[in-house]
Asker: 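Before we start, here is the structure in question, set down as structure tokens.
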There are 2 protein chains.
Amino acid sequence: MQISRSMEYAVRSLVYLASSNKPLSLRQIAKGENIPAPYLAKIMRVLVNGKIVNSTKGRNGGYFLLSPPQKIALYDLYILFEKKEKLLPCFENASFCPAGKNCSQKIVWFKIEKAVMDAFKKVSLKEMVNKNKLRKVKYERSFNQIT
Amino acid sequence: MQISRSMEYAVRSLVYLASSNKPLSLRQIAKGENIPAPYLAKIMRVLVNGKIVNSTKGRNGGYFLLSPPQKIALYDLYILFEKKEKLLPCFENASFCPAGKNCSQKIVWFKIEKAVMDAFKKVSLKEMVNKNKLRKVKYERSFNQIT
DNA sequence: ATAAAATGGACTTGCTAAGTCCACTTTTAA
DNA sequence: TTAAAAGTGGACTTAGCAAGTCCATTTTAT
């Protein structure tokens, strides 16, 4: 059981965005976070459609957060990138399980699932940004080299 | 993020075993839980090596729990079947992340990871067995047909 | 002896996450 | 007004690994 690379990239990109006071281009984010640019493009589209970020086209265009970091929960990203909200395969494909609907195991799985979801709901982007001003400075230096 | 099929099969097989008062053969479990027998064989080996069950060979051989169900936590299975105990890819492959070791995001990920692990630690096999005596009866009937 | 069981490990298959590519639109600086 | 720099959409490829198979071996009860 593991977080997808997409989700990880998304989180890192958003933290990166949250540390900036101006929109950042795909290239800037990709370079700064060491993420393959074409793949990041795909991820950013998901974030745009998911109303997490917005974008402007053309020269000087880029991406920016639509809400302040403390309003963006990791759970919001979870549902965008880990579509299978259900931890268990049997939830998706009930035919597998001979017990069908009257399965006492489900109750337990649901409990676990809820605990996991709650863990993601409790954390906002803000918790991931604040503590390292060092990184922010480093990144801003990188911007200057790029632009 | 999803539980592996292996883990699901393992849980179901163990619940099945917990409902029986005698050792059950691979075939019996596979049939009863509708799991491909050769694949289940692989899973049972992991459970034997992991000291969750024990086995006897030869005629009338089979598998049985090594501990009472309330002593077997889902977490014990988690560490056997979801080897990547770490939720995040970056934990495995630190080189990906430009922030390296001094990464404030890690602290947050660890929190989430702990919450997930705790959820699995809290649940024992017993919670998954008790409630459906119906299934037990049904299964025992199946045994009779098979043996 | 033989049939029924587990064991070990090499092998194949299939799914899907991860990543690429390209044609297109929008914007703006020169 | 045009060229370069940005995002968009979607089809496509690659690669890794979970899921599943197979077979040769060992063990044991009858």
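Order of the sequence lines fixes the chain letters, A, B, ..., with proteins taken first and strands second; residue numbering starts at 1 for each chain. These numbers were taken from a predicted model, which means no experiment stands behind them.
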Asker: Looking at D:dG7, does its base get a donor-acceptor pair with the side chain of A:R45 below 3.5 Å?
Answerer: no

Asker: So, taking the atom named CD1 in B:I107 and the one named CE in A:M128, what distance separates them when rounded to the nearest 0.5 Å?
Answerer: 9.5 Å

Asker: Across the strands shown, which category fits B:P36 at heavy-atom distances under 4.0 angstrom: base, sugar-phosphate, nothing?
Answerer: sugar-phosphate

Asker: Tell me whether the OP1 or OP2 atom of C:dA18 has a side-chain N or O from A:Y9 closer than 4.0 Å.
Answerer: no

Asker: Please give, in whole Å, the distance from C:dT20 P to A:I35 CD1?
Answerer: 12 Å

Asker: From NZ of A:K42 over to P of C:dC22, roughly how many Å is that when rounded to an integer?
Answerer: 16 Å

Asker: Mind jotting down which residue pairs meet the side-chain hydrogen bond (donor to acceptor under 3.5 Å, both in side chains) criterion with at least one end in residues 114-123 of chain B? Sequence neighbours excluded, please.
Answerer: B:K114-B:D118

Asker: Check side chain to side chain contact (heavy atoms under 4.5 Å, CB included) between A:A37 and all other residues, then give those that pass, not counting sequence neighbours.
Answerer: A:A30

Asker: Which residues, if any, of residues 55-66 of chain B bring a heavy atom under 4.0 Å of DNA chain D?
Answerer: B:K57, B:G58, B:R59, B:N60

Asker: Whole angstroms only, please: what is the CE-P distance between B:M44 and D:dT21?
Answerer: 17 Å

Asker: I'd like to know if A:R27 reaches the base of D:dG7 with its side chain, counting only an N/O donor and acceptor under 3.5 Å.
Answerer: no

Asker: Within this structure, what is the OH-to-P distance between B:Y39 and C:dG8, rounded to whole angstrom?
Answerer: 18 Å

Asker: Closest nucleotide of DNA chain D for A:V48 versus for B:P38: which of these residues is on the 5' side?
Answerer: A:V48

Asker: Once side chain to side chain contact (heavy atoms under 4.5 Å, CB included) is applied, do any residues pair with B:A115, and if so which ones, sequence neighbours excluded?
Answerer: A:A119

Asker: Rounded to the nearest 0.5 Å, how far does CG of A:L77 lie from CD1 of A:I52?
Answerer: 5.5 Å

Asker: Holding to side-chain hydrogen bond (donor to acceptor under 3.5 Å, both in side chains), I want the full list of residues that pass it with B:S55, two or more places apart in sequence or in another chain.
Answerer: none

Asker: Using atom NZ of B:K31 as one end and atom P of C:dA4 as the other, report the distance to the nearest whole Å.
Answerer: 15 Å

Asker: Output the rounded distance in Å from CG (B:L80) to C1' (D:dA18).
Answerer: 17 Å

Asker: What integer distance in Å separates A:M7:CE from C:dA17:P?
Answerer: 15 Å

Asker: Between C1' on D:dG20 and CG on B:L40, what's the gap in Å once rounded to a whole number?
Answerer: 12 Å

Asker: Hey, does the side chain of B:S6 come within less than 4.0 Å of D:dA19's phosphate (OP1/OP2), counting only N and O?
Answerer: yes

Asker: Could you pull out all residues at least two apart from A:K51 that satisfy salt bridge (charged side-chain N to carboxylate O under 4.0 Å, His left out)?
Answerer: none

Asker: Can you tell me whether the side chain of B:R5 and the base of D:dG20 have a donor-acceptor pair closer than 3.5 Å?
Answerer: no

